[in-house]
*Asks:* 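Mind having a look at this structure? Questions to follow.
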2 protein chains.
Amino acid sequence: MAKIGIRYTKPRKLVFEALTHFSKPTSVAEINSYLKNRINLTSIYRTLDLLKKSDLVNVILFGEGKKRYELKDKDEHHHHLVCENCGDVKDIEMQETNMLKNVEEQSKFKVLKHNLEFFGLCQDCQ
Amino acid sequence: MAKIGIRYTKPRKLVFEALTHFSKPTSVAEINSYLKNRINLTSIYRTLDLLKKSDLVNVILFGEGKKRYELKDKDEHHHHLVCENCGDVKDIEMQETNMLKNVEEQSKFKVLKHNLEFFGLCQDCQ
DNA sequence: GACATATTGCAAGTCATTTGCAATAATGAG
DNA sequence: CTCATTATTGCAAATGACTTGCAATATGTC
Ligand SMILES: [Mn+2]
Ligand SMILES: [Mn+2]
Ligand SMILES: [Zn+2]
Ligand SMILES: [Zn+2]
């Protein structure tokens, strides 16, 4: 964390630990209850903003009316599949350069980013 | 509106009119200010919920922390491109059956729906 | 036109997130 | 190591999007 020029504090250690623990898109409320009031809710928000600005987390939206955060460690850019029955989340990687090229040609926009999330039923819940 | 078995009331007329007027994904606040307090905010929310249940509008999420609604009139299923500079929104249709099939094979999920929105710069803003 | 009840407006409530500010703690100069 | 500087925290209050309870009102029906 030193490398991004900020202080290595208890809240930052803890939020990082929580995100590592969950290792999937996690809400602020989940992080907070995992940390059992060891740090303030506001600090969780502020730390997540910082991690986002430092490009260490992805912000994921499943349309629940709240944000989810995921550590940007291992993989490359990817998307998710959410089981609407059990809530399980699975990472999914796909080849999307062709799609992006088509979109740019069709729209004349310069595409900078995109959100793509899938919803359905996992193998067990089908 | 009679065909969906509900009363044809002033708020419903007006929300429908507002959505027609904007003809792009529109927020509740936008609808409200367009209608200039001719109906209550709560009624806008309730009418939009009803239109959604009746499958007459799409709910669109651009990750701004609020929902946008779009009349489901003309086209088929489509996605959007949002200009991060001027806010312009363009509809985009694409062939996605292959992508969906790949996702299902790869994940073993049964895919029921998905969110896909693009962000970038429109032709003018590039 | 009158009735039954679907629908509305308003006030209050909820939930996620943000902000102001005084108290506290992480660094690093000495 | 000690202390000062100032980044960071906790707490309380504010905000914004939406939801809910309920009494007042309007719609479709007979
Ligand atoms: Mn992931
Ligand atoms: Mn559209
Ligand atoms: Zn499942
Ligand atoms: Zn533009």
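Note: hydrogens, waters and symmetry copies are ignored here, and every other heavy atom, side chains too, is used.
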*Asks:* Would you mind reporting whether Met99(B) and Met94(B) have side-chain heavy atoms less than 4.5 Å apart?
*Replies:* no
*Asks:* Pick the nucleotide of DNA chain D nearest each of Gly65(B) and Arg46(B); which residue has the one closer to the 5' end?
*Replies:* Gly65(B)
*Asks:* In whole angstrom, give the distance that lies between atom CG of Leu50(B) and atom P of dC18(D).
*Replies:* 17 Å
*Asks:* Rounding to an integer number of Å, can you tell me how far Arg68(B) CZ sits from dG16(D) C1'?
*Replies:* 14 Å
*Asks:* I'd like to know if the side chain of Glu93(A) pairs up with that of His78(A) as donor and acceptor (distance under 3.5 Å, no hydrogens or angles considered).
*Replies:* no
*Asks:* Using a heavy-atom cut-off of 4.0 Å across all strands, would you classify Lys67(A) as base, sugar-phosphate, or nothing?
*Replies:* sugar-phosphate
*Asks:* Apply side chain to side chain contact (heavy atoms under 4.5 Å, CB included) to residues His114(B) and Leu100(B) and explain how you reach the verdict.
*Replies:* CA-CA 9 Å; His114(B) 61 280; Leu100(B) 292 172; 4.0 Å; yes
*Asks:* Any sub-3.5 Å donor-acceptor pair from Lys90(A)'s side-chain atoms to Ser107(B)'s backbone N or O?
*Replies:* yes
*Asks:* Does any residue of residues 34-43 of chain B have a heavy atom under 4.0 Å from DNA chain C, and if so, which ones, in number order?
*Replies:* Ile39(B), Asn40(B), Thr42(B), Ser43(B)
*Asks:* To the nearest Å, how far apart are Arg12(A) CZ and dT24(C) C1'?
*Replies:* 14 Å
*Asks:* Between Lys66(B) (NZ) and dA17(D) (P), how many Å, whole number?
*Replies:* 5 Å
*Asks:* Could you check how far CD1 of Ile6(A) sits from P of dA26(C), rounded to whole Å?
*Replies:* 14 Å
*Asks:* Taking atom P of dA16(C) as reference, at what distance in whole Å does atom CG of Leu61(A) sit?
*Replies:* 14 Å
*Asks:* Does the pair His77(A) and His79(A) meet the rule for a side chain to side chain contact (heavy atoms under 4.5 Å, CB included), with working shown?
*Replies:* CA-CA 7 Å; His77(A) 171 81; His79(A) 300 287; 3.1 Å; yes
*Asks:* Between Tyr34(A) and Phe22(A) (judged by ring centroids, cut-off 6.0 Å), do the two rings come close enough to count as a pair?
*Replies:* yes
*Asks:* Think Tyr45(B) has a side-chain N or O under 4.0 angstrom from the OP1 or OP2 of dC18(D)?
*Replies:* yes
*Asks:* To the nearest Å, give me how far apart CZ (Phe16(B)) and P (dT7(C)) are.
*Replies:* 16 Å
*Asks:* Would you find a donor on one side and an acceptor on the other, under 3.5 Å apart, between the side chain of Glu104(A) and the backbone of Val111(A)?
*Replies:* yes
*Asks:* I need the CD-P distance between Glu64(A) and dC18(D), as an integer number of Å.
*Replies:* 15 Å
*Asks:* Quick one: is Thr9(B) getting a side-chain N or O under 4.0 Å of the dT8(C) phosphate, OP1 or OP2?
*Replies:* yes
